2 protein chains.
Amino acid sequence: MSAATVSPRLRPPAGDRAAILDALRTAGYRLTAPRQALVDLLVGQGGQCFTAEDIYGQVRGVTPRLGRATVYRTIERLVELSLLERIHADGPCHSYVLGGASHHHHLICSVCGRVWEFPECALPQLLLDLSAQVGFSVEGHHVEVFGRCAACRSAA
Amino acid sequence: MSAATVSPRLRPPAGDRAAILDALRTAGYRLTAPRQALVDLLVGQGGQCFTAEDIYGQVRGVTPRLGRATVYRTIERLVELSLLERIHADGPCHSYVLGGASHHHHLICSVCGRVWEFPECALPQLLLDLSAQVGFSVEGHHVEVFGRCAACRSAA
DNA sequence: CTTCGTGCAAAACCTTTGCAACTCG
DNA sequence: CGAGTTGCAAAGGTTTTGCACGAAG
């Protein structure tokens with residue numbers, strides 16, 4: 001990949017354990033052991049997207065007593081705080097990626113599931129103009145681009 | 001709404017009962033009574049998005065003997081034929097809208113759930129350029145804009 | 001201490017599947 | 001008729017909830 005020459009550039013998804021725990025504490029949530037274990041796991045996903053059930057499966061190997069409900073509740077909390085972003089990929093219900101704090105969009109590899117973020121909002125003015133035409137007040141938007149990343153293309 | 005002056009314009013989602021039945025037949029599927037009842041219901045959604053369970057709930061009042069499995073199987077078939085489009089809105093799993101045959105994007109009212117389609121692909125060249133930078137081969141993309149439609153704004 | 005969080009288990013959902021009966025073409 | 005469809009019921013999966021115990025601040 002030679003992405004370094006043009007801007008805006010792509011950057012790897014954020015996954016800062018300390019920052020996440022900090023945000024949790026700041027929001028008034030307790031820093032419990034299960035939450036820390038889960039944050040560790042999430043950071044360990046390396047920017048790939050995952051489902052709640054994925055995480056539950058993985059956590060069983062590390063902290064077997066950690067319950068399914070805690071996984072779901074923690075994920076929900078992180079989404080509320082925009083530390084985790086729910087992405088709307090196909091498949092068994094919701095997937096998530098780390099690092100939803102800043103506004104951005106996704107580039108999703110259909111082979112390996114890895115996600116890249118667009119650090120800038122690339123929504124064209126055109127869409128906003130069209131929305132205004134029908135009296136629409138835009139509250140948010142979501143852009144997903146699907147394709148094959150370089151690694152998966154060369155592997156084929 | 002005064003959308004008529006600028007192009008590309010918005011158009012209401014397609015919902016042509018005859019065309020759908022025709023497409024089903026052309027694809028080699030039988031035109032059974034349950035399928036026709038379901039198509040009627042889908043057309044009757046008036047461009048709003050819905051879940052499979054929504055449809056099942058509604059069909060019970062009209063054709064009580066029509067089973068849940070038939071609803072799910074019919075929806076799947078229509079999606080395969082691009083007569084129905086799976087949209088990735090939040091909420092209890094998958095939602096759908098009628099009229100996925102042409103490439104377009106969605107404008108979704110967060111209050112009433114009504115969906116407008118962008119008849120043209122408005123994905124900015126920028127995103128494609130960025131994708132190319134990281135060696136990504138783009139296979140598809142999906143754009144959703146959330147907001148409040150004119151009717152829901154004036155109702156507030 | 002008091003409140004918030006956890007684990008467990010069960011419940012609630014949504015979706016898919018197996019199979020005998022049925023019906024469109 | 002015969003292949004494709006349907007209904008029913010049950011299974012499979014995911015997500016949510018209730019509650020008593022436990023831990024954090």
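Predicted model, so just to flag it, every value in this text is computed and none were measured. Below, read A as the first sequence line, B as the second, and so on, with proteins coming before strands; counting in each chain starts at 1.
If you find the closest nucleotide of DNA chain D to Tyr29(A) and to Tyr29(B), the one lying nearer the 5' end belongs to Tyr29(B).
Atom CG in Leu24(B) sits roughly 11 Å away from atom P in dG25(C) (whole-Å rounding). With rounding to whole Å, Arg25(A) atom CZ is found 18 Å from dC4(C) atom P. Separating the CZ atom of Phe50(B) from the C1' atom of dT15(C) is a distance of 16 Å, rounded to the nearest angstrom. For Leu31(A) and dG25(D), the CG to P distance is 7 Å, given to the nearest whole Å. One can place CG of Leu21(B) at 14 Å from P of dC24(C), the figure rounded to the nearest angstrom. Computed from coordinates, the Glu80(A) CD to dG5(C) P distance equals 11 Å when rounded to whole Å.
For Arg65(A) and dC8(C), the shortest distance from a side-chain N or O to OP1 or OP2 is below 4.0 Å. Note on Arg35(B): a side-chain N or O is less than 4.0 Å away from OP1 or OP2 of dT6(D). Thr51(B) has no side-chain polar atom (N or O) that falls below the 4.0 Å cut-off from OP1 or OP2 of dC14(C). Dashed line: the shortest gap from a side-chain N or O of Thr70(A) to OP1 or OP2 of dG7(C) is under 4.0 Å.
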Check residues 62-72 of chain B and write down every donor-acceptor pair under 3.5 Å in which the side-chain atom is one partner and the other belongs to a residue at least two apart or another chain.
{"residue": "Arg68(B)", "atom": "NE", "partner": "Glu53(B)", "partner atom": "OE2", "Å": "3.0"}
{"residue": "Arg68(B)", "atom": "NH2", "partner": "Glu53(B)", "partner atom": "OE2", "Å": "2.8"}
{"residue": "Tyr72(B)", "atom": "OH", "partner": "Glu53(B)", "partner atom": "OE1", "Å": "2.5"}

Atom pairs and distances, side-chain donor-acceptor, residues 25-36 of chain B, under 3.5 Å, sequence neighbours left out:
{"residue": "Arg25(B)", "atom": "NH2", "partner": "Asp22(B)", "partner atom": "OD1", "Å": "2.6"}
{"residue": "Thr26(B)", "atom": "OG1", "partner": "Asp22(B)", "partner atom": "O", "Å": "2.8"}
{"residue": "Tyr29(B)", "atom": "OH", "partner": "Glu80(B)", "partner atom": "OE1", "Å": "3.4"}
{"residue": "Thr32(B)", "atom": "OG1", "partner": "Arg35(B)", "partner atom": "N", "Å": "3.4"}
{"residue": "Arg35(B)", "atom": "NH1", "partner": "Arg30(B)", "partner atom": "O", "Å": "2.9"}
{"residue": "Gln36(B)", "atom": "OE1", "partner": "Arg17(B)", "partner atom": "NH2", "Å": "3.3"}
{"residue": "Gln36(B)", "atom": "NE2", "partner": "Leu31(B)", "partner atom": "O", "Å": "3.4"}

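No donor-acceptor pair closer than 3.5 Å links the side chain of Asp40(B) to the backbone N or O of Ala37(B).
Here the CD1 atom belonging to Ile20(B) is positioned 10.5 Å from the CG atom belonging to Leu81(B), to the nearest 0.5 angstrom. Going from atom CD1 of Ile75(A) over to atom CG of Leu42(A) covers 6.5 Å, rounded to the nearest 0.5 Å.
For Glu53(B), whose side chain is taken as the heavy atoms from C-beta onward, the closest listed nucleotide among dC14(C), dT5(D), dG5(C) is dC14(C). Nearest nucleotide to the side chain of Arg77(B), out of dT5(D), dG5(C), dT15(D): dT5(D). Minimum atom distance to the side chain of Tyr72(B) is reached by dC14(C), of the listed dT15(D), dC14(C), dG5(C). Here the nucleotide nearest the side chain of Leu66(B), chosen from dG7(D), dT15(C), dT6(C), is dG7(D).
For the helix from dC1(C)-dG25(D) to dG25(C)-dC1(D), the axis fitted to the five pairs at one end and the axis fitted to the five pairs at the other end meet at an angle of 40° (nearest 10 degrees).
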Exercise. Which letters describe nucleotides 18-23 of chain C, given B = protein heavy atom under 4.0 Å from base, S = only from sugar-phosphate, - = neither?
Worked result: B----B
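Against DNA chain D, the stretch residues 56-64 of chain B makes no heavy-atom approach under 4.0 Å.
When side chains are defined from C-beta on, Phe50(A) counts as touching Leu84(A), because their heavy atoms get closer than 4.5 Å.
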Exercise. Hey, mind stepping through Thr74(A) and Ile55(A) against side chain to side chain contact (heavy atoms under 4.5 Å, CB included) and telling me if it holds?
Worked result: CA-CA 11 Å; Thr74(A) 300; Ile55(A) 296 302; over 6 Å; no
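Exactly one of Leu21(B), Asp16(B), Leu83(B) qualifies for a side chain to side chain contact (heavy atoms under 4.5 Å, CB included) with Val39(B). That residue is Leu21(B).
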